[in-house]
Structures are given as structure tokens and as C-alpha cells.
Amino acid sequence: MVIRLFWIFVQKRKFETIHYMMYQSEISLPAFPRGFHLITNIIEKHLPALPQCGMLHLFLKHTSAGLTLNENADPTVRYDLESIMNRIVPEKQQYEHDDEGSDDMPAHAKSTLAGASLLIPVSSGKLNMGTWQGIYLCEFRNRGGSRKLVMTVWSA
Amino acid sequence: MVIRLFWIFVQKRKFETIHYMMYQSEISLPAFPRGFHLITNIIEKHLPALPQCGMLHLFLKHTSAGLTLNENADPTVRYDLESIMNRIVPEKQQYEHDDEGSDDMPAHAKSTLAGASLLIPVSSGKLNMGTWQGIYLCEFRNRGGSRKLVMTVWSA
Amino acid sequence: MVIRLFWIFVQKRKFETIHYMMYQSEISLPAFPRGFHLITNIIEKHLPALPQCGMLHLFLKHTSAGLTLNENADPTVRYDLESIMNRIVPEKQQYEHDDEGSDDMPAHAKSTLAGASLLIPVSSGKLNMGTWQGIYLCEFRNRGGSRKLVMTVWSA
């Protein structure tokens, strides 16, 4: 489900036809199992027509998941990333915040390590990422459920 | 103390009343003890009237502290985060950069791990964060003192 | 080599002389050895004239390197950061993704931990960083080669 929050779009002086705009919408990602997941396609499906020169911001409204950019080809990268993050923030440790299970507090810490938002340049109407870069959802909970994400596109 | 650096605000074609603006100010946070601290209220107190659709950027001008988003309700999350970060970058280790004490080099590393800036969407005149998200100052030094922060708000 | 992608620059109502603009270019960084490197000077050399109030975004188009802000004076900070990151994501570990050598998968993980982009406020025509902040390229591969970076500057 997509809620279009705002669409500000102004056409300026006819002889120049330069557009300023900011577009914002909120989407719900499908529930993913714990792990790292390539979501570039899902994001692109929800994007508006992109400007010739602008920025895309993705913002996850959660504290036990993250967004990151990483390798978009070999699935073993996602597998190894899950193992590495589990080694950096192990579950078999005493935490004060443990009411929701042993995966909860590590998920909060991993969210701070990976970050919950991404800012990507837009050029010639496309996301200007490297050949091997893909957008990852980092699902750090065993059952995180659907995750909400705010996307903002602007040009100047 | 707040230094208002700039306030660019332009009203365009009367019949549309669309505003473009960028607002920037520098604030000083009070000195916090080492640890993770919820500062959403402090940030909101210094914000200008927010646009219907825009972005807020927070930028810490320091290399031994950080900014992150995490759980805004249970204080034990902040307590556990401090323990987790100390385990990831322990002080009882030999560092070349140690003139300012054993907490100094780990603080630099933690700052790179957590990051020193945040970009948050603004929607309907409010910060569009998730229900459980709060803005944290990560104070990685034992005596970090007051920290300077640049906030920038823009709409298009 | 610099490819100027776009230059949108509009002078508005003469009596106010306010400029809205977004500038975007792609640069290639020289090849650096594995480690943390201060690149503030290289970045500044490629910047256009900066606005009175705006933002600079730096975006690395790679998944085995990173960008971060850290201490710009003492080179031992960069040395210690390399050791710390190697301890957090050790190479002597079994990884599924290992076709390109033992430094490859750790490099991907470190890229997610450090992040691949930076957003820095621009004030009074300069980067508004702290006295001790510098821009680092984090080269996580043994032979990463030249790295591509998209820089975007905007004001509103």
C-alpha cells in the first residue's frame, strides 16, 4: 500500500522549463525472514518518474532493522553478512532489555551499526549507484513483520 | 546558545503560495556523561516551524561522539548499547593514538561505526519518525563536554 | 577525470538575487592502499563554488570501501582504525563468498559498518565541519584500485 503524502511540482519560466520538486510517499515492505535482503526492485517499483538531477532518501521507521548498500549479485554475501553481524553482536550474552526475546537487543544494536536510512544520487532519471551496488533491507528480528519506509525524492 | 546562520525563504506566485526554503542553525548540546542519550526533545525545541514536506539534517561537529536513531521508550536499551559498543571496541587494547586516555581511540572508532549525522523526513510539519524511534546522542568520551551540532531543514 | 553531469542554476527576482541550484559531478579517486586515508583536500579540489547555505553529498559507488568522518590531525588514528576494523571483521574466518580472496567478504561487511556516503552542511560558502573533522576514504580491499564518487551540492 502506498500513501502519497505530498507532491510539490512547479513549472518555472516557460522558456527554461526547469522543475523544482519534492515527492514523498510511505510504503510498506513485505515481511522478510531474519537476514539481509536485496530490495532494489521493490524500491524502484514505488519510485515516481525521477528527475534529471536529484536525490532519493529512504528512511526505515524502525529500530530493529536497517538499510544498507551492498553487493547485488552473489547471494552468499547476504548469508555471510548475517553470520558476521551475529558474531559482532552475539545473542548469547546477558542484556537488560530482553523482554521480547534474545534477538531483540542485538537487533537494536545492529540497527545502529548498519543505519536505518540511505541517500542515493539521482542522475539522468535513474538511481546513480555503482554496477555492483544494491539496496538491502537488514531484517535483524526473527519475526520483524512488515516494515514501513518513507521515500523522498527531490531536485532543485 | 543558538546561532541562526541563514534563513532563505521565498514566497512564489501568489495564487499557489508555494514556499521554497532552507534553514540552518548551529546549537550547542549540554555536556552529557559517557553513554547513549535520548535528545529528541532538545532537538525539537530548536527546530523552526517545519514545512509540509521536507528534510531535517543533523550534523555533529565531532569525531568522538555520534548520532543515531534507536528505541525511545526503555532506558535499558541505552544501557545495553553502551555495553555492546564497549565490547566491540574494547579499551584494554594497545592503541597508537593514546595521548588523551584509553577512552579516546575507541571513541573515534565508535563514531565511525555509529555515524555523526542523521537525515530525517519531515511530513505535515512534523518529524516523520516511527513510533519507537528517538534521536540519540552517543557520547563516547568519559568527559566529552558540550557538543556542537548543525541542523539544516529544507523543502522544495 | 571529472564528468560534469548537470548544472542547474537559476537566478530569481533581480531585487533578491536568490539562487536555487543543484550541482552534480562524478570523480575518480586515485588508487589508495588498504587503510584509512584523509581525502578532504581531494574532495575540496573538485567542488564548485559553494552556496551560502546548502548541503554536500558524497556517494561512493562501491561495496568494498567506505566514506567516514574522523580525526584530521594525527595519522595514528587512521592506523588504529585499520587494526580495529580488522579485529571486528577478521579475515581468518570461514566465508561462503571467498572467490576474490580473504580480504573480500570482510571488505563488504566493513563497508556496511562504515557506510558509503556522507552528507555535510555547507555554510558561508564552506564545508561546515568541526575543527578536527576530516573526510576519510576507507579502502577495505588490498588492491581496491581507483574508486568512483558522485558529489552533489544543493541549496534552496
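Given the structure is predicted, the values throughout are model-derived calculations rather than measurements. Basis for what follows: all heavy atoms, side chains included, without hydrogens, waters or symmetry-related copies.
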Name the region of [X], side chain, backbone, both or neither, that has any atom closer than 4.5 Å to a heavy atom of chain A.
X	value
C:Thr112	both
C:Leu119	side chain
C:Phe59	side chain
C:His62	backbone

Side chain A:Gln133, main chain C:Leu60, donor-acceptor under 3.5 Å: yes
- request: Give a yes or no answer on whether the side chain of A:Asn70 reaches the backbone of C:His108 with a donor-acceptor pair at less than 3.5 Å.
  value: yes
Find the distance between [atom1] ([X]) and [atom2] ([Y]) and round it off to the nearest 0.5 Å.
X	Y	atom1	atom2	answer
C:Gln94	A:Ser83	CD	OG	11.0 Å
A:Ser123	C:Gln24	OG	CD	3.5 Å
A:Cys53	C:Tyr23	SG	OH	10.5 Å
C:Met22	A:Gln52	CE	CD	12.5 Å

- request: Could you check C:Lys110, C:Met105, C:Gln93 and say which one makes a side-chain contact (heavy atoms from CB on, under 4.5 Å) with A:Ile84?
  value: C:Met105
Region of [X] in contact with chain C, defined by heavy-atom distances below 4.5 Å:
X	result
A:Leu69	both
A:Leu118	neither
A:Thr76	both
A:Leu113	both

query: Do A:Asp80 and C:His97 get their side chains close enough for a donor-acceptor pair, meaning under 3.5 Å?
result: no
Selection from A:Thr68, A:Val77, A:Asp74, A:Asn72 maximising heavy-atom pairs under 4.5 Å formed with chain C: A:Val77
message: At a heavy-atom distance under 4.5 Å, which candidate from A:Met129, A:Met85, A:Glu71 has the highest pair count against chain C?
response: A:Glu71
statement: Between C:Ser155 and A:Ala156, the two heavy atoms sitting closest are O-CB, 4.2 Å
message: Assess the residue pair A:Asn128 and C:Glu26 against the criterion (side-chain contact (heavy atoms from CB on, under 4.5 Å)); give the C-alpha distance rounded to whole Å, side-chain angles, the decisive distance to 0.1 Å, and a yes or no.
response: CA-CA 10 Å; A:Asn128 193 353; C:Glu26 189 168 316; 4.0 Å; yes
field: Close side-chain approach of A:Thr131 and C:Lys61, heavy atoms under 4.5 Å
entry: no
Crowding at OH, A:Tyr79 (>12 non-hydrogen neighbours, <6.0 Å): no
